[in-house]
Amino acid sequence: LSKNWGVIATWRMAWEGVSEAAQLLQGNNDASGAAVRAVTCVEDYPFYKSVGYGGLPNEQGVVELDAAFMDGSTLAIGAVASIRDIANPILVAQALSRERFNSFMVGEGAQTWALAQGFERKNMLTDRAHQHYLKRKRETLDRGLSPYTGHDTVGVITLDQNQQMCVATSTSGLFMKRPGRVGDSPVSGSGFYADSQIGAATATGLGEDLMKGCISYEIVSRMGRGMSPQQAAESAVYDLESQLIARYGRAGDLSVVCMNNRGEYGAATTIDNFSFSVATAAQTPAVFLTTREG
Ligand code: SD4
């Protein structure tokens, strides 16, 4: 009997990482290593503008990164926010998930700890990202364009053959954010959640709004009450969007992917061009584009 395994991630940019994670999982490696491998692939690639090396800077031109790791078996969580000049924030987050105390660190404290642990120091601002920043600054001043458009987060869920699940996220957050701004991606229950007894979810979009509904925890909770991943993803996203509109007239972009511990997956979005990357025991690595209509 072939065993279930699976990996699903937000956006097309995760495809290479998902393919590598799929090989690991197929080879009976564990969920944590596969999730972290998929995310480091994205962090290391300089041309993805919103994650890791080459990520877009804050309004002062400084790259500040958020990342988180959760082990769905122990519910251990590690996270960093607004961390500067560290090559792979996801590796720091994973290391923090092994700490009993101080497992969510921000800014200077996070950086100091990471360097003391031997994590690589690296200037994460590429020339390309800097040029993009200068252009956006001009557009904001000249044409009144929103400084905040253009931001994607990689969120990866993995299920291994022993039915263990993990989730990992990494992002430079909102383009042109204020120094110190933190989004949903490193926040448990909002940007990510994993419980190997049920499933896992991860989000991308406007962190300020995703956090209002603890969307990832909400999706896992709905799967736990018997919904399929697709039902859980859709109902949670559209319920949150309705609440946001009813209460203050608008909702930012909300997109999610999720998977249960049988390898069934779901995705939902409020935008026109949300892509996600997926591979399971039954599905060769693929990218799907989805919209509000599915
Ligand atoms: C944030 N949710 O920092 C992230 C950004 C993102 O698509 O995912 N954008 O708010």
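In listed order, ligands and their atoms are each counted from 1. Worth knowing before you read on, the calculation uses all heavy atoms, side chains too, and leaves out hydrogens, waters and symmetry mates. Quick caveat: nothing in here was measured; it's all calculated off a predicted structure.
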*Asks:* Would you please classify the geometry between the Tyr265 ring and the Phe276 ring as parallel, tilted or perpendicular, with 30° and 60° separating the classes?
*Replies:*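 Answer is perpendicular, since the angle exceeds 60°.
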*Asks:* Counting each atom of ligand 1 from 1 as listed, which ones have a heavy atom of Thr204 under 4.0 Å away?
*Replies:*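 Once the distances to Thr204 are compared, the set is 6 (C), 7 (O), 8 (O), 9 (N).
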*Asks:* Under 3.5 Å, sequence neighbours excluded: what are the donor-acceptor pairs made by side chains of residues 85-99?
*Replies:*
unit_1: Asn88; atom_1: ND2; unit_2: Glu43; atom_2: OE1; d: 2.8
unit_1: Asn88; atom_1: ND2; unit_2: Asp44; atom_2: OD1; d: 3.0
unit_1: Ser97; atom_1: OG; unit_2: Gln94; atom_2: O; d: 2.6

*Asks:* What residue and atom, counting heavy atoms only, is the protein's closest point to atom 9 (N) of ligand 1, and at what distance?
*Replies:*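 Protein heavy atom at minimum distance: His151 ND1, 2.5 Å.
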*Asks:* Within the structure, is a non-hydrogen atom of Arg181 found at a distance of less than 4.0 Å from ligand 1?
*Replies:*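 Yes, Arg181 has a heavy atom closer than 4.0 Å to ligand 1.
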*Asks:* Return a yes/no value for Asp184: is any of its N or O atoms, backbone included, closer than 3.5 angstrom to an N or O of ligand 1?
*Replies:*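 N/O-N/O distance below 3.5 Å exists for this pair.
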*Asks:* Aromatic ring centroids of Trp11 and Phe274 under 6.0 Å?
*Replies:*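 Ring centroids of Trp11 and Phe274 are less than 6.0 Å from each other.
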*Asks:* Is the contact between Ser185 and ligand 1 made by the side chain, the backbone, both, or neither, using heavy atoms and a 4.0 Å cut-off?
*Replies:*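 Looking at Ser185 and ligand 1, just side chain atoms fall under 4.0 Å.
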*Asks:* Indicate yes or no: does Arg181 engage Glu208 in a salt bridge with an N to O separation below 4.0 Å.
*Replies:*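 Salt bridge flag = yes for Glu208 with Arg181.
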*Asks:* Just checking, any donor-acceptor pair under 3.5 angstrom between side chains of Ser73 and Ser196?
*Replies:*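 Looking only at side-chain atoms, Ser196 and Ser73 do form a donor-acceptor pair, the distance falling under 3.5 Å.
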*Asks:* When you compare ligand 1 with Glu208, is there at least one nitrogen or oxygen pair between them that comes in under 3.5 angstrom?
*Replies:*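 No, Glu208 has no N/O under 3.5 Å of an N/O on ligand 1.
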*Asks:* Does an N or O anywhere in Gly207 fall below 3.5 Å from an N or O of ligand 1?
*Replies:*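 Yes, since at least one N or O of Gly207 sits under 3.5 Å from an N or O of ligand 1.
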*Asks:* Could you go step by step and tell me if Leu159 and Gln163 meet the side chain to side chain contact (heavy atoms under 4.5 Å, CB included) rule?
*Replies:* CA-CA 6 Å; Leu159 163 70; Gln163 234 185 60; 4.3 Å; yes
*Asks:* Number the atoms of ligand 1 from 1 as they appear, then name those within less than 4.0 Å of a heavy atom of Gly173, with their elements.
*Replies:*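 That gives atoms 3 (O) of ligand 1.
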*Asks:* With sequence neighbours excluded, give me every salt bridge (charged side-chain N to carboxylate O under 4.0 Å, His left out) pair touching residues 247-265.
*Replies:*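 Applying salt bridge (charged side-chain N to carboxylate O under 4.0 Å, His left out) to every pair that reaches into residues 247-265, excluding sequence neighbours, yields Arg262-Glu264.
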*Asks:* For atom 8 (O) of ligand 1, what is the closest protein heavy atom, and at what distance to 0.1 Å?
*Replies:*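 So the nearest neighbour among protein heavy atoms is Thr153 OG1, 2.5 Å.
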